Chemist: 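Input: one structure, supplied below.
Counting begins at 1 with the first residue of the sequence. All figures in this text were calculated on a predicted structure; none of them were measured in a lab.
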Amino acid sequence: MSYQHLLVAVDGSPTADHAVNEATGLAQATGGRIRLLNVMDPLAHISGFERPDVYSQEVLPRLRQAGEALLRRAQERVAQSGVPVDTVLIENLDARVADLVVEHAKAWGADLIVLGTHGRRGLARVLMGSDAEQIARTAPVPVLLVRLSAGADGSAANAANAANAASA
């Protein structure tokens, strides 16, 4: 199967960045195009102590700007490789992120969804949930889950650098 419409959900995490890289390589190989999708989840960033006017006039615009900047950076990376790319920012008010990604994949006509995943297991997965798992279960198209190898997010390199600095 030749994937022509690759939907990549991005959230700024190292695993999402890796998913963008994988999707870019795949799109180059198949002649496909990429749509980068960010789901802005403002309810995840409220404490309940914000006044409604502060929330709507300060918090929401900052979240929107951050989502747009994230999409712009990822779009520039993909475009440098010569792959056609566009972006969509969805403002989520009450739906599960996974449901919004699946709905967008259907509406856009994606034939592959590419996602970064942390590969959480056990209690961490139960407590944090897994949008990637839910998308894989409910998507009408194949889903490519991309995970970083151990330490590939820079944590191992940062720890080694800190150890070297401490011993110097």
Side-chain angles (χ1 to χ4, degrees), residues 3-46 55-93 95-105 107-120 128-136 139 141-162:
Y3 299 113
Q4 295 299 302
H5 295 91
L6 291 79
L7 179 66
V8 185
V10 295
D11 63 5
S13 68
T15 57
D17 289 343
H18 189 51
V20 170
N21 294 340
E22 290 293 318
T24 301
L26 190 54
Q28 284 176 315
T30 65
R33 65 176 300 109
I34 292 176
R35 170 158 295 168
L36 300 168
L37 174 68
N38 177 257
V39 177
M40 190 178 98
D41 196 3
L43 295 181
H45 299 281
I46 62 171
Y55 185 73
S56 65
Q57 294 172 11
E58 295 178 27
V59 176
L60 278 178
R62 275 189 254 137
L63 289 173
R64 197 172 294 114
Q65 289 169 352
E68 290 168 352
L70 172 75
L71 286 168
R72 188 172 43 256
R73 286 190 303 271
Q75 183 178 29
E76 289 168 359
R77 283 185 20 231
V78 173
Q80 286 176 355
S81 69
V83 171
V85 58
D86 64 359
T87 65
V88 172
L89 177 67
I90 295 177
E91 190 169 326
N92 179 24
L93 296 178
R96 285 186 59 153
V97 171
D99 294 339
L100 294 172
V101 172
V102 169
E103 287 172 19
H104 190 80
W108 183 57
D111 44 33
L112 180 68
I113 301 171
V114 183
L115 303 169
T117 181
H118 297 286
R120 291 187 185 99
M128 302 204 48
S130 173
D131 286 320
E133 181 180 357
Q134 187 64 25
I135 292 166
V141 298
V143 176
L144 174 61
L145 298 177
V146 178
R147 187 176 354 170
L148 289 173
S149 58
D153 65 353
S155 59
N158 290 339
N161 289 340

Chemist: If I take atom OG1 from residue Thr87 and atom CD from residue Glu76, how far apart are they, to the nearest 0.5 angstrom?
Modeler: 11.0 Å
Chemist: Just so I know, are the side chains of Leu60 and Glu91 near enough to count as touching, which here means a heavy-atom distance under 4.5 Å?
Modeler: yes
Chemist: Applying salt bridge (Lys or Arg N to Asp or Glu O under 4.0 Å), name anything that partners Asp17, two or more places apart in sequence or on another chain.
Modeler: Arg77
Chemist: Is there a side-chain contact between Leu36 and Val88 in this structure, where contact means two heavy atoms from C-beta onward sitting under 4.5 Å apart?
Modeler: no
Chemist: Distance from Leu144 atom CG to Leu26 atom CG, nearest 0.5 Å?
Modeler: 7.0 Å
Chemist: Using 0.5 Å steps for rounding, measure from the OG atom of Ser81 to the CD1 atom of Ile34.
Modeler: 6.5 Å
Chemist: Output side-chain donor-acceptor pairs under 3.5 Å for residues 4-13, partner residues at least two apart or in another chain, one line each.
Modeler:
from  : atom 1 : to    : atom 2 : distance (Å)
Gln4  : NE2    : Ser2  : OG     : 2.8
Gln4  : NE2    : Thr30 : O      : 2.9
Asp11 : OD1    : Ser13 : N      : 2.9
Asp11 : OD1    : Ser13 : OG     : 2.7
Ser13 : OG     : Thr15 : OG1    : 3.1
Ser13 : OG     : Ala16 : N      : 3.1

Chemist: How far apart are the closest heavy atoms of Thr117 and Arg147, and which atoms are they?
Modeler: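 So the minimum-distance heavy-atom pair works out to O-CG, 3.5 Å.
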Chemist: Would you please name every residue forming a salt bridge (Lys or Arg N to Asp or Glu O under 4.0 Å) with Arg96, sequence neighbours left out?
Modeler: none
Chemist: Is there a side-chain contact between Val143 and Leu115 in this structure, where contact means two heavy atoms from C-beta onward sitting under 4.5 Å apart?
Modeler: yes
Chemist: Which atom names give the shortest non-hydrogen contact between Gly116 and Ala19, and what distance separates them?
Modeler: N-CB, 3.5 Å
Chemist: Apply salt bridge (Lys or Arg N to Asp or Glu O under 4.0 Å) to Asp86 and list each qualifying residue two or more places apart in sequence or on a separate chain.
Modeler: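 Listed in chain order: Arg35.
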Chemist: Please list all pairs meeting salt bridge (charged side-chain N to carboxylate O under 4.0 Å, His left out) that have one or both residues in residues 22-32, counting only residues at least two apart or in different chains.
Modeler: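 Output for this query is empty, none listed.
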Chemist: Looking at residues at least two apart in the chain, or sitting in another chain, which of them share a side-chain contact (heavy atoms from CB on, under 4.5 Å) with Val141?
Modeler: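 If we apply the side-chain contact (heavy atoms from CB on, under 4.5 Å) test to Val141, skipping adjacent residues, the hits are Ile113.
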Chemist: Just jot down the side-chain contact (heavy atoms from CB on, under 4.5 Å) partners of Ala95, sequence neighbours excluded, or say none.
Modeler: Asn92, Leu100
Chemist: Please enumerate all residues that pass side-chain contact (heavy atoms from CB on, under 4.5 Å) together with Leu89, with sequence neighbours excluded.
Modeler: Asn38, Met40, Arg64, Glu68, Leu71
Chemist: Mind checking salt bridge (Lys or Arg N to Asp or Glu O under 4.0 Å) for Arg72 and listing every partner two or more places apart, or none if nothing turns up?
Modeler: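 Testing Arg72 for salt bridge (Lys or Arg N to Asp or Glu O under 4.0 Å), a comparison that skips the adjacent residues, returns none.
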